[in-house]
Amino acid sequence: MKILDGVRSLAPRYDGFILDIWGVVHDGRRPYPGVADALARLTDQGKRIVFLSNAPRRSFVVHELLTGMGLDSAHWTAIVTSGEIAWRHLARRDTPAFAALGTRAIHIGPERDLSVVRDSGVSIVTDLDQADFVLNTGPDPDRGAEDAGAYAAQLAPCAARGLPMVCVNPDRHVMVGDRHIICAGALADLYVTLGGPKAIEIGKPDPAVYDPVMEALGIADRARLVAIGDSPHTDLAGAQAAGIDAVWALTGLAAHAHGEAPDGDRLAAVAAAEGVTPVAALTGLRW
């Protein structure tokens, strides 16, 4: 697999860039070196950038996070998050799965993720007997959760009742700085082992989440689009399912798994085992 040191060589080939955020743009605390410059240079060349994230919160919350890190919002067209898409489904009840849900949820996750139900018609309850479903936005990264089993006592009674679960972040793991922690997807897996139903997962790799991205980009030719992400399971698989070229960012989870000097042949073998075929790998989102 070809390994690129920056996005400069991608600019002539693509008009639209679909960028994952956590593990590509920032490490959970600060942007990676060179990111702000790369975004500015791509924008200066007329490229359109949309962030597509499995963040379990509304897009405006992520916008505030990125600008709070010092990134210039003039350098992207839109932000699409799994939390935003979940909010739309909860508010509109526009699919059979969401139409069948009730309006009262037990929330598994930090309070800061509750933008996903604000003004959606869903209320959060603490009494299990009142709950219609489980809203899973994942552990609080600040707590350093590294073991899904720690949530078994909280999830087991919900599973025993057979409550449906909405998982607003299909990621299983993420890096926060140099710490490897679990995400909502890991809790969705645990829920099944406890006897609960398979979760409704919102986000990559579901190709449907690329529809609002395409709308925001305004580029009909998918051959002129590229997605950059650090997770084969979500970022690369999702882009491939949507018919979009993918580039594997060797930051975030990939850096944790493959080190600072990965071998192209080994990366190709790992990608093949995951069933994905990225057009290249990228050492970092820099120019």
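The basis for the numbers below is simple: all heavy atoms, side chains too, and nothing from hydrogens, waters or symmetry mates.
Here NE2 of His26 is found 8.5 Å from CG of Leu71. Values are rounded to the nearest 0.5 Å. Of the inter-residue distances, the one linking Trp87 atom CH2 with Ile202 atom CD1 reads 14.5 Å to the nearest 0.5 angstrom. Here CH2 of Trp22 is found 13.5 Å from OG1 of Thr251. Values are rounded to the nearest 0.5 Å. One finds the CD1 atom of Ile124 at 12.0 Å from the CZ atom of Arg118 (value rounded to the nearest 0.5 Å). Annotation: the span from Arg93 atom CZ to Ser120 atom OG amounts to 7.5 Å, rounded to 0.5 Å. Distance check: Leu39 CG to Ser73 OG gives 11.5 Å after rounding to the nearest 0.5 Å.
The aromatic rings of Trp76 and His63 lie perpendicular to each other, with more than 60° between the two planes, well past the 30° mark.
Between the side chains of Asp245 and Tyr14, a donor-acceptor pair is found at a separation under 3.5 Å.
In this structure, the side chains of Leu267 and Ile3 come closer than 4.5 Å at one or more pairs of heavy atoms. At a threshold of 4.5 Å between non-hydrogen side-chain atoms, the residues Val279 and Arg13 count as touching. Met214 has its side chain out of reach of Val50: every pair of non-hydrogen atoms, C-beta onward, lies at least 4.5 Å apart. At least one side-chain heavy atom of Ile85 sits less than 4.5 Å from a side-chain heavy atom of Pro212. Between Ile228 and Asp20, every side-chain heavy-atom pair lies at or beyond the 4.5 Å cut-off. Side-chain atoms of Pro139 and Tyr151, non-hydrogen and from C-beta on, do get closer than 4.5 Å to each other. Contact check for Ile18 versus Lys204: no side-chain heavy atoms found under the 4.5 Å cut-off. Between Leu135 and Ile108, the closest side-chain pair of non-hydrogen atoms is not below 4.5 Å.
Under the 4.5 Å side-chain heavy-atom criterion for Ile, Leu, Val, Met, Phe, Trp and Tyr, Leu66 and Leu217 are members of distinct hydrophobic clusters. A continuous path of Ile, Leu, Val, Met, Phe, Trp and Tyr side chains, each step under 4.5 Å between heavy atoms, connects Tyr32 with Ile79, placing both in one hydrophobic cluster. Put simply, Ile219 and Val226 are part of two different groups of oily side chains (I, L, V, M, F, W, Y) that touch within less than 4.5 Å, one to the next. Cluster annotation: Val134 is not connected to Val116 through the hydrophobic network of ILVMFWY side chains, with a link wherever side-chain heavy atoms come within less than 4.5 Å.
Taking both residues in full, the closest heavy atoms of Phe60 and Ser115 are given as CZ-CB, 4.3 Å, listed atom of the first, atom of the second, then distance. Nearest heavy atom pair, residue Ala55 against residue Ser82, reads O-OG, 3.0 Å. Nearest heavy atom pair, residue Leu236 against residue Pro278, reads CD1-CG, 4.2 Å.
Remark: Ala97 engages Thr95, Ile200 in a side chain to side chain contact (heavy atoms under 4.5 Å, CB included) (not counting sequence neighbours).
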Go through Phe133 and Thr103 one step at a time and tell me if the side chain to side chain contact (heavy atoms under 4.5 Å, CB included) criterion holds. CA-CA 8 Å; Phe133 68 98; Thr103 60; over 6 Å; no

Derivation of the side chain to side chain contact (heavy atoms under 4.5 Å, CB included) call for Glu84 and Val80: CA-CA 7 Å; Glu84 186 72 28; Val80 177; 5.6 Å; no

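Counting non-hydrogen atoms of neighbouring residues, nucleotides and ligands closer than 6.0 angstrom, the CD atom of Glu215 reaches no more than 12 such neighbours.
A salt bridge is defined here as a Lys NZ or Arg NE, NH1 or NH2 lying under 4.0 Å from an Asp or Glu carboxylate O, and Arg172 with Asp189 meets this definition. A salt bridge is defined here as a Lys NZ or Arg NE, NH1 or NH2 lying under 4.0 Å from an Asp or Glu carboxylate O, and Arg286 with Asp5 meets this definition.
For the side-chain contact (heavy atoms from CB on, under 4.5 Å) with Trp248, the qualifying choice from Leu282, Leu4, Val270 is Val270, the only one to do so. Residue Leu155 forms a side-chain contact (heavy atoms from CB on, under 4.5 Å) with just one option from Leu163, Thr193, Asn136, Leu194, and that option is Leu194.
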